[in-house]
Amino acid sequence: MKLMLVVGARPQIIKSAPIIREALSRSEVELQLVHTGQHYDYEMSKVFFAELDLPDPVVNLGVGSGSHGLQTGEMLIRLEKAVLKFKPDVVLVPGDTNSTLAGALAAVKLHVPVGHVEAGARSYDMRMPEEVNRRLTDHCSRLLFTVSDNCTNNLLKEGIEKEQIFQVGDTMYDAFL
């Protein structure tokens, strides 16, 4: 299985470390780690790869900073090219950043299944860019990985099928351990 994991911000790198390690331990999984470049300088990104002893991404899209629309749009354009090039079987997107939403949109529009790590988290404040990213990502994902009963229940209330939801715990906590 070709698993594309899209990261771009510090928290995504940290919470993805246990997923990356697990994927690398499985011979049947080909990990395609893609960095959007949302956090683009050493202190905001590369240092976490080094300190967590993670492999370099297969590609860094180098998007950098900008308004939410500009950043998400650039990521979407570049991620679409990466999905077409690497042909993953599943695209996994953690968290609630612009990288999360762009990864989910690029994959679903190319008919590649999306898995959302930390699905179902809600603030119920649509003025927050993260809340917009969470909701849109959840509703275009086929696999929703939740951290708690609360997150699972949020998805069920929104009409997500129970068969799509997997309560797996918190990878950030796993990284901490």
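This structure is a prediction, so every number in the text was calculated from the model and none was measured. Side-chain atoms are counted along with the backbone in the values below, which use heavy atoms only and exclude waters and symmetry mates.
Side-chain contact check for Arg21 versus Leu54: some heavy-atom pair is nearer than 4.5 Å. With contacts defined as side-chain heavy-atom distances shorter than 4.5 Å, the pair Val83/Met4 qualifies. Contact of the Val34 side chain with the Arg78 side chain is not registered, since no non-hydrogen atoms from C-beta on lie closer than 4.5 Å. You'll find the side chain of Phe145 stays beyond 4.5 Å of the side chain of Thr171, heavy atoms only. Under the 4.5 Å side-chain criterion, counting only non-hydrogen atoms from C-beta, Val90 is in contact with Met1. Side-chain atoms of Phe86 and Val59, non-hydrogen and from C-beta on, do get closer than 4.5 Å to each other. Counting heavy atoms from C-beta on, the side chains of Val7 and Lys15 never come closer than 4.5 Å. Taking the side chain as every heavy atom from C-beta outward, Val63 and Gln71 approach each other to under 4.5 Å.
The number of heavy atoms from other shown groups lying within 6.0 Å of CZ (Phe176) does not exceed 12.
Between Pro94 and Leu5, the closest heavy-atom pair is CD-CD1, 4.0 Å. Here the shortest heavy-atom pairing between Thr36 and Ser99 reads OG1-OG, 2.6 Å. The minimum heavy-atom distance linking Gly169 with Val147 is given by the pair O-CG1, 3.3 Å. Taking all atoms of both residues into account, the shortest heavy-atom contact from Arg142 to Pro113 is NH1-CG, 3.4 Å. Across Cys151 and Ala119, no two heavy atoms sit closer than the pair CB-O, 3.4 Å. Closest approach of Ala106 to Glu80, counting heavy atoms only: CB-N, 3.9 Å.
Using a 4.0 Å cut-off between a side-chain N of Lys or Arg and a carboxylate O of Asp or Glu, Arg134 and Glu130 do not qualify as a salt bridge. At a threshold of 4.0 Å, the pair Arg122-Asp138 counts as salt-bridged, since one of the basic side-chain nitrogens sits closer than that to a carboxylate oxygen.
Tested against Leu33, the residues Ile20, Leu24, Val58 include a single side-chain contact (heavy atoms from CB on, under 4.5 Å) partner, Ile20.
Linking ILVMFWY residues whenever their side-chain heavy atoms come closer than 4.5 Å, directly or via other members, places Val117 and Phe48 in the same cluster.
Counting only N and O atoms by type, the side chains of Thr97 and Gln12 include a donor and acceptor under 3.5 Å apart.
The backbone N or O of Met126 lies less than 3.5 Å from no partner atom in the side chain of Glu131, so there is not a single donor-acceptor pair.
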